[in-house]
Structures are given as C-alpha cells and as structure tokens.
Amino acid sequence: MNEEKIIQGIKNRDEKSLRAFIDSYGPVMKASIYKVLTFNENVRMEVLNDSVLAVWDNIDSFDPARSSFKNWCAGVARYKAIDALRKEIRHKSVDLDEVSPYLSTDDDISIDETEEILKVLDEKDREIFRKLFIEGYSYDDLAKVYDISKAGLYNRVARGKKKIKEEIQNEKCL
C-alpha cells in the first residue's frame with residue numbers, strides 16, 4: 001500500500017490502512033522513540049502505542065508541504081518520547097540505595113527515622129511528604145487541601161526530594 005492510500009485510509013478510519021501504516025512506519029517511529037528513551041521496554045512500547053494513536057487521531061494535522069509523512073510520523077513519536085522522558089524525570093523518586101545506610105535494617109522505617117530524614121524540609125513540605133508518602137494521599141487530594149495546582153505540588157515534592165538527596169550525599173562526604 002502506498003503512502004497516499006495509507007494516509008487516506010487513516011483519514012477514513014480504515015483499520016486495514018492502520019495495519020499497513022504500522023507495518024510501514026512502525027519501525028521508523030520505534031527508532032525515534034529508542035533514541036530518546038534508552039530505558040524500560042514497557043515505557044517505550046507504551047510511547048509507541050501512544051504515537052500510533054496520535055497519528056490516527058491527528059492525521060488531519062499532517063501537511064505534505066511541510067514535511068514527508070515518514071518524517072512527520074517520526075516527529076510525532078519523538079515528541080511523545082520526550083514527553084514520557086520528562087514525566088519519568090519529574091516523578092523520579094529518591095533512590096532507596098542512597099537512603100538505606102540511614103535506615104534501620106528492619107523492613108519498616110520507624111517514625112523517628114522518617115522524621116530525621118524529613119528534618120531538612122520546612123514544616124509545610126514535611127506535612128506534604130507525610131501526607132503523600134506515609135498517609136497515602138494522592139496528588140489530586142493534596143492539591144485541593146493546600147489549594148495549589150497539581151503541577152505546583154509536583155514541583156514542591158521534586159524540590160523536597162532533591163533537598164533530601166543532597167543532604168544525604170553531604171552526610172556521606174563527612
């Protein structure tokens with residue numbers, strides 16, 4: 001099936017064209033994703049699926065005057081991969097291997113040890129960390145409780161994790 005038939009078939013929501021699209025352009029999209037995401041096969045496959053869906057949903061955005069269909073598909077996949085990478089970076093937790101020397105050998109962390117780790121944060125951030133990681137609140141719930149945006153909450157948590165990580169690394173150097 002040629003490129004024009006694939007594009008028209010996707011516009012007409014023809015599943016046969018979708019299969020031909022995946023066979024023809026899937027490897028190109030996969031290569032674009034793999035250049036950005038070098039970790040976790042599951043994330044790469046999820047991004048590939050999201051990219052195929054994005055092409056399916058946004059086929060009308062393709063402009064042959066601006067780029068080839070192949071390059072457009074690769075660009076869609078690349079931007080989906082970059083978004084996934086940003087999401088992974090934003091949600092990356094403090095590495096437990098870095099924290100473990102400061103924790104007891106028991107499976108559970110004592111309240112005192114938790115408070116010791118959280119002491120580097122200001123009181124509001126300690127409260128957020130307790131509610132989020134100990135009491136099990138969701139980001140949505142906490143955003144409502146503290147009347148801040150979810151993005152603002154993610155930023156506070158990321159800065160808090162960074163502060164804790166830095167403090168732990170400073171203590172290792174002593």
Side-chain angles (χ1 to χ4, degrees), residues 1-99 121 124-125 128-129 131-133 136-166 168-169:
M1 194 178 276
N2 69 21
E3 184 175 292
E4 289 81 25
K5 283 186 179 180
I6 290 174
I7 294 169
Q8 192 57 47
I10 293 173
K11 285 182 179 182
N12 294 334
R13 301 296 188 220
D14 177 39
E15 289 186 28
K16 187 176 179 184
S17 297
L18 179 62
R19 284 190 207 99
F21 163 73
I22 292 170
D23 291 341
S24 299
Y25 297 95
V28 171
M29 295 173 77
K30 195 172 184 178
S32 295
I33 293 166
Y34 278 43
K35 286 180 184 177
V36 175
L37 298 173
T38 58
F39 61 92
N40 196 329
E41 177 69 22
N42 292 334
V43 172
R44 290 191 298 234
M45 292 310 294
E46 184 178 325
V47 170
L48 180 59
N49 290 335
D50 289 346
S51 301
V52 170
L53 181 62
V55 169
W56 178 263
D57 288 340
N58 299 297
I59 191 67
D60 292 327
S61 300
F62 170 63
D63 181 4
R66 293 182 64 198
S67 71
S68 70
F69 186 63
K70 178 180 172 183
N71 288 344
W72 182 75
C73 292
V76 168
R78 183 173 188 276
Y79 286 114
K80 286 287 184 185
I82 289 169
D83 288 344
L85 181 62
R86 286 181 182 144
K87 185 177 177 183
E88 286 295 316
I89 290 169
R90 184 174 46 224
H91 292 97
K92 186 172 171 106
S93 298
V94 174
D95 187 4
L96 290 178
D97 292 335
E98 295 174 11
V99 180
L121 303 175
K124 187 171 182 179
D125 286 343
I128 289 171
F129 270 66
K131 288 184 185 297
L132 189 62
F133 298 111
Y137 279 70
S138 70
Y139 279 92
D140 289 325
D141 293 340
L142 281 179
K144 290 175 188 169
V145 168
Y146 290 102
D147 195 31
I148 58 176
S149 70
K150 196 171 169 183
L153 185 59
Y154 278 122
N155 287 336
R156 280 190 89 110
V157 171
R159 283 192 302 269
K161 288 178 180 180
K162 184 177 178 183
K163 204 175 204 181
I164 291 169
K165 186 176 181 179
E166 288 171 354
I168 289 170
Q169 287 174 343

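Below, all heavy atoms of this structure are taken into account, side chains as well, without hydrogens, waters or symmetry copies.
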Student: More than 12 non-hydrogen atoms from neighbouring residues, nucleotides or ligands closer than 6.0 Å to NZ on Lys131, yes or no?
Tutor: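 Atom NZ in Lys131 is packed in, count exceeds 12.
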Student: Taking everything shown except Arg66 itself, do over 12 heavy atoms lie less than 6.0 Å from its CZ?
Tutor: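 Count not over threshold, so no.
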Student: Can you tell me how far the CG atom of Leu153 sits from the CG atom of Asp141, to the nearest 0.5 Å?
Tutor: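 These two atoms lie 10.5 Å from each other.
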Student: Sequence neighbours excluded and cut-off under 3.5 Å, please list the side-chain donor-acceptor pairs for residues 144-151, or say none.
Tutor:
from   : atom 1 : to     : atom 2 : distance (Å)
Tyr146 : OH     : Glu127 : OE2    : 2.8
Ser149 : OG     : Gly152 : N      : 2.9
Lys150 : NZ     : Asp140 : OD1    : 3.2

Student: For Ala65, is there any backbone N or O sitting under 3.5 Å from a side-chain donor or acceptor partner on Asp63?
Tutor: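 Yes, because the side chain of Asp63 sits within donor-acceptor range (under 3.5 Å) of the backbone of Ala65.
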Student: Measure across Ala54 and Val76 and return the closest heavy-atom pair with its distance rounded to 0.1 Å.
Tutor: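 Looks like CB-CG1, 3.8 Å.
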Student: Please name the pair of heavy atoms, one in Ser51 and one in Met29, separated by the smallest distance, quoted to 0.1 Å.
Tutor: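 Heavy-atom minimum between the residues: CB-CE, 3.3 Å.
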Student: Tell me if the CD atom of Glu15 is crowded by more than 12 foreign heavy atoms within 6.0 Å.
Tutor: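 No, the 6.0 Å shell around CD holds no more than 12 heavy atoms from other groups.
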Student: Any carboxylate oxygen within less than 4.0 angstrom of a Lys/Arg side-chain nitrogen, looking at Arg44 and Glu41?
Tutor: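 Glu41 and Arg44: salt-bridged.
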Student: Quick one: does Ile59's side chain get under 4.5 Å of Phe69's, heavy atoms only?
Tutor: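 Yes. Closest side-chain heavy atoms under 4.5 Å.
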Student: Minimum heavy-atom separation for Val157 and Phe129, please, with both atom names.
Tutor: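 That closest heavy-atom pairing would be O-CZ, 3.6 Å.
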Student: How far does CD1 of Ile82 sit from NZ of Lys80, to the nearest 0.5 angstrom?
Tutor: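 If we round to the nearest 0.5 Å, Ile82:CD1 and Lys80:NZ are 12.0 Å apart.
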Student: Looking at Ile6 and Ser24, what are the two nearest heavy atoms and their distance?
Tutor: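 Heavy-atom minimum between the residues: CD1-OG, 3.9 Å.
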Student: If you take all heavy atoms of Val47 and Ala84, which pair is closest and at what distance?
Tutor: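 In this case the closest contact between Val47 and Ala84 is CG2-CB, 3.5 Å.
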Student: For the atom pair CE (Met45) and CG (Asp50), what is the distance rounded to the nearest 0.5 Å?
Tutor: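 Between atom CE of Met45 and atom CG of Asp50 there are 11.0 Å.
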Student: Step by step, would you call Ser17 with Asn12 a side-chain contact (heavy atoms from CB on, under 4.5 Å)?
Tutor: CA-CA 9 Å; Ser17 297; Asn12 294 334; over 6 Å; no
Student: Ignoring hydrogens and angles, state whether a donor on the side chain of Asn58 or Ser61 is under 3.5 Å from an acceptor on the partner side chain.
Tutor: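 No pair is found: no donor N or O on one side chain lies under 3.5 Å from an acceptor on the other.
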Student: Roughly how far, to the nearest 0.5 Å, is OG of Ser68 from CD of Glu3?
Tutor: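 One finds 6.5 Å between CD of Glu3 and OG of Ser68.
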Student: NZ of Lys35: more than 12 outside heavy atoms within 6.0 angstrom?
Tutor: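 12 or below, so no.
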Student: Using 0.5 Å steps for rounding, measure from the OH atom of Tyr139 to the CZ atom of Arg156.
Tutor: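 Rounded to the nearest 0.5 Å, the OH-CZ separation comes to 12.5 Å.
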Student: Hey, what do you get for CZ (Arg78) to CG (Asn71), rounding to the nearest 0.5 Å?
Tutor: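 So the CZ of Arg78 and the CG of Asn71 are separated by 12.0 Å.
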Student: Please check: side-chain N/O of Ser32 versus main-chain N/O of Val28, any donor-acceptor pairing under 3.5 Å?
Tutor: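 Here the side-chain-to-backbone pair exists.
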Student: Please say which of Trp72, Phe62, Tyr25 ends up in a side chain to side chain contact (heavy atoms under 4.5 Å, CB included) with Val55.
Tutor: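 Only match with Val55 under side chain to side chain contact (heavy atoms under 4.5 Å, CB included): Trp72.
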Student: Do Phe21 and Leu18 have side-chain heavy atoms sitting under 4.5 Å apart?
Tutor: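 Yes; the side chains approach each other to less than 4.5 Å.
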